[in-house]
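Since the structure comes first, as C-alpha cells, the remarks are kept for the end.
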Amino acid sequence: MKIDVLTLFPEMFPGVLGASMLGRAQEKGILEFNLHNIRDYSESKHKNTDDYPFGGGAGMVMMPQPIFSCLDAVDPDHAALRVVLTPRGKTLTTAMARELAAEEHILLLCGHYEGIDERAMEQMDCEISIGDYVLTGGELPAMVLIDCISRFIPGVLGSSESAEEESFSAGLLEYPQYTRPAEYRGMIVPEVLLNGNHAHIARWRRQESFRLTWERRPELMANLDESGLDKHDRRFLAELKNQDN
Ligand code: ADE
C-alpha cells in the first residue's frame, strides 16, 4: 500500500513510521510512505499556509491554495482514497481500518490551526476522527490510523500474530497475559496456564475475556456470538451477569 501524507510537520513522522512493525513493513516493500510538506507548495512570498477566518473568531485557518497545489502534485488524477484527519470525522473503528487496509493508495491530510478551508475539505473522500477529544493537529491521528490499518495488511504482522481474532472473542477485551518467571515478588501466575492442558487454558482465557469485558465495557458484550459457546461458558456468563443483580 502506498500512503501519501500531507502535513505542515513532516518531521513528526519518521520515528513512528521507521520503527518496529511499520519499519519492517517498509523494508519488505509492503508499505510505502511519502511525506509532503504543505508549506513547500505555498505560492505566497513568505510561504504562508494559514490566514484569519472570514467572519472573525479565534485561531487561523489553513488556506486552500497550498493544499490544492499539493493535491495536484501528489494525486493529480485523484487515484488515491483521500482521507482528512479531523475531530468532526467518523470515529475510527476496527471495521473501518479493515476496509481501508484493502486500498492500494491512501492520501492523508493532516489539519492544523483552527481548521482547514472548507473548499479544501471538499476535495477529500472521507473525514476520520480518532476519538472525541481535540488534539493540536492531525499528525498523531494520521500515525494512529496508519498503525491501525497496517495490522490488517497481509505480511505486516507475523503469521503467528494475526490481527483477526477467533470469532467468539472478536470485539471483546483481551484476557490477561503472563510470561516467565512463574513467581515474581511473591505474585504467582494462575496455575491453569502452567499445567499444559490446552482446553483448560483456552476456557480460562475465554472466561477472563468475558469477565473483563463485562466489568469494564459491558456494551461490548453485544459482540459476543453465544451460539458457539459450550455449557461451561454459558454457565460462567450467566453467573457473571447475575453477580450484579
Ligand atoms: N485533529 C485534532 N484532533 C483530532 C482527532 N481527535 N481526530 C482526528 N484528527 C484530529
Side-chain angles (χ1 to χ4, degrees), residues 1-22 31 33-42 48-71 74-75 78 80-103 105-153 156 163 171 216-217 219-220:
M1 175 190 283
K2 180 173 162 182
I3 302 180
D4 284 299
V5 182
L6 279 53
T7 169
L8 288 168
F9 300 96
E11 67 276 15
M12 288 178 72
F13 288 83
V16 170
L17 302 185
S20 187
M21 317 299 275
L22 295 179
L31 288 175
F33 300 116
N34 301 299
L35 300 168
H36 309 277
N37 191 338
I38 296 169
R39 191 173 303 282
D40 292 343
Y41 295 85
S42 173
N48 295 332
T49 56
D50 62 322
D51 206 337
Y52 295 97
F54 276 126
M60 304 291 273
V61 176
M62 286 174 72
M63 296 152 49
Q65 180 275 313
I67 296 173
F68 271 78
S69 297
C70 191
L71 287 171
V74 171
D75 185 31
H78 199 148
L81 181 78
R82 297 178 174 182
V83 179
V84 56
L85 286 308
T86 166
R88 78 178 197 188
K90 233 174 131 180
T91 308
L92 179 62
T93 62
T94 298
M96 278 160 76
R98 197 181 278 122
E99 260 180 47
L100 290 169
E103 296 286 333
H105 185 187
I106 290 183
L107 179 151
L108 303 178
L109 172 62
C110 307
H112 246 262
Y113 310 114
E114 287 304 299
I116 298 175
D117 187 286
E118 192 63 23
R119 292 162 293 185
M121 294 294 274
E122 286 165 2
Q123 308 310 306
M124 310 307 291
D125 300 311
C126 61
E127 303 184 4
I128 294 181
S129 162
I130 62 161
D132 287 339
Y133 41 83
V134 181
L135 301 169
T136 56
E139 282 75 15
L140 288 170
M143 290 184 244
V144 167
L145 179 62
I146 289 168
D147 191 284
C148 190
I149 292 174
S150 67
R151 297 179 65 250
F152 295 101
I153 298 175
V156 172
R216 298 183 182 187
R217 299 288 305 277
E219 78 281 10
L220 297 181

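Note: hydrogens, waters and symmetry copies are ignored here, and every other heavy atom, side chains too, is used. Counting from 1, the numbers follow the sequence of the chain as shown. Read the numbers this way: they start at 1 and go in the same order the structure lists the ligands and their atoms. Note that this is a predicted model, so its numbers are computed, not measured.
- Those atoms of ligand 1 that come under 4.0 Å of a heavy atom in Gly137, given as number and element, are 1 (N), 2 (C).
- We find the CE-CG distance between Met63 and Asp117 to be 9.5 Å, quoted to the nearest 0.5 Å.
- Considering backbone and side-chain N/O atoms, Leu135 comes within less than 3.5 Å of an N/O atom of ligand 1.
- Checked against side chain to side chain donor-acceptor pair (under 3.5 Å), Thr7 has the following partners two or more places apart in sequence or in another chain: Glu139.
- Of all atoms in ligand 1, listed by their number and element, those nearer than 4.0 Å to a heavy atom of Gly131 are 6 (N).
- Considering every non-hydrogen atom in both Ala142 and Leu85, the closest pair reads N-CG, 3.7 Å.
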### Task
List the steps, then state whether side chain to side chain contact (heavy atoms under 4.5 Å, CB included) holds for Val16 with Ile146.
CA-CA 10 Å; Val16 170; Ile146 289 168; over 6 Å; no

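- Only the backbone of Ile128 comes within contact range of ligand 1, with a heavy atom under 4.0 Å; no side-chain atom does.
- For the ligand labelled ligand 1, residue Cys110 lies outside the 4.0 Å heavy-atom shell.
- Ligand 1 has no atom lying under 4.0 Å from any heavy atom of Gly111.
- Distances below 4.0 Å separate heavy atoms of Thr86 from the following atoms of ligand 1: 8 (C), 9 (N), 10 (C).
- Both the backbone and the side chain of Ser129 come within 4.0 Å of ligand 1, judged by heavy-atom distances.
- Using a 4.0 Å cut-off between charged side-chain N and carboxylate O, Glu118 and Arg88 make a salt bridge.
- Using a 3.5 Å distance cut-off with no hydrogens or angles, the side chains of His78 and Asp125 do pair a donor with an acceptor.
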